[in-house]
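Just so you know, these numbers use all the heavy atoms, side chains as well, and skip hydrogens, waters and symmetry mates. Both ligands and their constituent atoms are indexed starting at 1 by order of listing.
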Amino acid sequence: MTNLIGLTQDQLYEVVRELGEAKFRGKQIYEWVYKHRAPSIDHMTNLPKDTREKLKEKHTIEHIKIEKILIDEKDETHKFLFSLNDQNTIEGVLMKYKYGYALCVSTQVGCKMGCTFCASTLEGVVRSLTSGEIIDQIMVVENHLQIRISNVVLMGSGEPLDNYDEVLKFIYNVNNSNGINIGQRHLTLSTCGIVPKIYDLAKENLQINLSISLHGSNDFIRSKMMPINKRYPLQQLMEACKFYIEKTGRRISFEYSMVNGVNDKIEHAKELEVLLKALNCHVNLIPVNEIKERDFIKSSKDNIIRFSRYLNDIGIPTTIRRELGSSINAACGQLRRNHTEKPKG
Ligand code: SF4
């Protein structure tokens with residue numbers, strides 16, 4: 001059986017062609033799946049009964065399931081644990097902002113990138129998600145809470161550029177105005193810096209936001225925090241970023257987790273100045289998430305403010321990320337880890 005969730009409009013045109021149906025039926029099915037959220041093929045009431053029967057022979061609608069929801073009472077951040085059809089679990093985080101709801105979605109079960117501050121990678125990667133499993137995180141949250149999500153961030157567990165084809169398919173599909181219709185400028189892809197894939201993405205000429213996990217101001221610190229830096233050191237990464245900005249005309253945002261005594265001194269801000277000064281970019285400072293498996297301690301408020309002031313003063317726009325969901329361990333990987341760690345039986 002093929003799950004209709006995840007198929008693009010073009011793929012549905014192909015499905016109806018094979019069923020011997022007119023092309024417009026493909027668009028109708030697309031709208032039922034993504035816009036009207038039909039729970040089953042039988043709900044597609046503008047399709048003739050025999051078309052539905054033919055479609056049902058090889059197709060189905062099967063959503064991922066919400067296993068658990070944790071809600072931060074203070075800021076209404078919701079953390080979701082989803083189970084996939086093969087019983088693997090992933091996480092998503094819904095954040096409420098003034099402009100609406102943003103959902104942080106996962107792109108892989110686990111992650112192989114080994115960033116030392118991240119709980120998603122502690123057991124490596126299990127598998128990549130299909131584009132359907134990525135898009136369905138949005139649909140099940142919207143259906144469950146009866147809300148409309150305006151922004152999506154590919155920043156949950158997994159490295160999106162390590163699942164390039166499915167992530168691109170997801171971007172085009174979620175952007176389709178006959179379906180979920182989230183504008184490209186409302187999508188953010190966050191990467192640890194897989195340089196060749198940044199070049200590939202630049203050539204797609206999308207208008208999405210690209211966010212780079214930087215976290216280290218020199219190769220020594222960054223390689224310690226992010227093993228990917230040994231493969232693609234900062235100079236190569238910066239060249240790729242420059243190419244991306246020139247090609248797409250978009251500003252890049254750099255995420256920088258502030259770790260006490262590791263990367264939060266003014267000397268590090270000065271190194272960032274050299275790296276980023278010539279780029280059209282923005283820096284987002286994040287007090288590092290403290291996870292029990294690692295001994296990172298977040299920087300003091302004073303250090304973060306001093307760091308931010310330095311960068312702003314020299315002309316690199318810098319903001320400090322608000323910590324949402326702090327009472328529910330909203331950092332990626334933590335809920336799944338607690339879930340899979342539970343003794344079975
Ligand atoms: S921070 Fe992102 S890329 Fe790094 S290990 Fe975690 S999920 Fe993977």
Side-chain angles (χ1 to χ4, degrees), residues 79-82 84 88-93 102-129 133-134 137 152-164 166-167 170 187-198 201 208-216 219 221-234 236-237 240-241 252-259 262-263 283-296 298 321 323-325 329-340:
K79 182 149 192 171
F80 292 88
L81 184 74
F82 304 110
L84 308 174
N88 274 307
T89 52
I90 50 164
E91 298 177 13
V93 181
L103 185 70
C104 175
V105 297
S106 293
T107 54
Q108 295 180 310
V109 180
C111 183
K112 69 177 184 206
M113 294 299 155
C115 303
T116 52
F117 47 83
C118 175
S120 296
T121 194
L122 290 166
E123 276 148 13
V125 68
V126 178
R127 69 171 175 87
S128 286
L129 300 189
E133 288 167 330
I134 305 173
Q137 295 170 58
V152 174
V153 197
L154 297 154
M155 211 184 259
S157 60
E159 162 54 54
L161 297 185
D162 189 41
N163 184 16
Y164 189 83
E166 292 300 311
V167 163
F170 159 78
L187 297 173
T188 301
L189 186 153
S190 170
T191 176
C192 65
I194 302 181
V195 163
K197 295 291 177 195
I198 295 175
L201 190 65
I208 60 169
N209 305 302
L210 180 64
S211 161
I212 307 276
S213 300
L214 193 59
H215 309 311
D219 280 323
I221 297 176
R222 190 163 191 268
S223 294
K224 269 190 151 174
M225 295 176 79
M226 305 179 71
I228 190 76
N229 194 69
K230 293 180 193 145
R231 183 108 185 259
Y232 305 114
L234 280 170
Q236 284 184 35
L237 178 59
C241 290
I252 285 185
S253 122
F254 290 98
E255 308 290 317
Y256 193 90
S257 291
M258 302 281 290
V259 188
V262 174
N263 63 359
V283 174
N284 205 2
L285 301 177
I286 312 155
V288 75
N289 286 304
E290 294 175 0
I291 54 174
K292 70 175 191 294
E293 291 81 359
R294 310 279 195 207
D295 49 11
F296 284 146
K298 63 177 74 153
R321 188 188 293 166
E323 284 178 274
L324 290 174
N329 272 355
C332 79
Q334 294 183 347
L335 180 59
R336 169 172 171 259
R337 197 165 158 74
N338 294 344
H339 179 79
T340 49

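- Screening Val105, Leu201, Leu189, Ile194 against Pro160 for a side-chain contact (heavy atoms from CB on, under 4.5 Å) leaves a single residue, Leu189.
- Across the listed options Cys192, Ser106, Gly158, Ser120, Gly158 owns the non-hydrogen atom lying nearest to atom 2 (Fe) of ligand 1.
- Heavy-atom contacts of Thr121 reach the following atoms of ligand 1: 5 (S) (cutoff under 4.0 Å).
- Distances below 4.0 Å separate heavy atoms of Met113 from the following atoms of ligand 1: 3 (S), 8 (Fe).
- Side-chain contact annotation: Glu255 with Ser211, donor-acceptor N/O pair under 3.5 Å present.
- Atom 4 (Fe) of ligand 1 does not have Cys111 among its coordinating residues (no N/O/S atom, backbone or side chain, under 2.8 Å).
- Contact of the Val288 side chain with the His215 side chain is not registered, since no non-hydrogen atoms from C-beta on lie closer than 4.5 Å.
- Not close to ligand 1: Ser213, with no non-hydrogen atom less than 4.0 angstrom away.
- Between Lys197 and Glu159 there is no salt bridge, since no side-chain N of the basic residue sits under 4.0 Å from a carboxylate O of the acidic one.
- Residues Gln108 and Ser157 are not in side-chain contact: their nearest non-hydrogen atoms beyond the backbone lie 4.5 Å or more apart.
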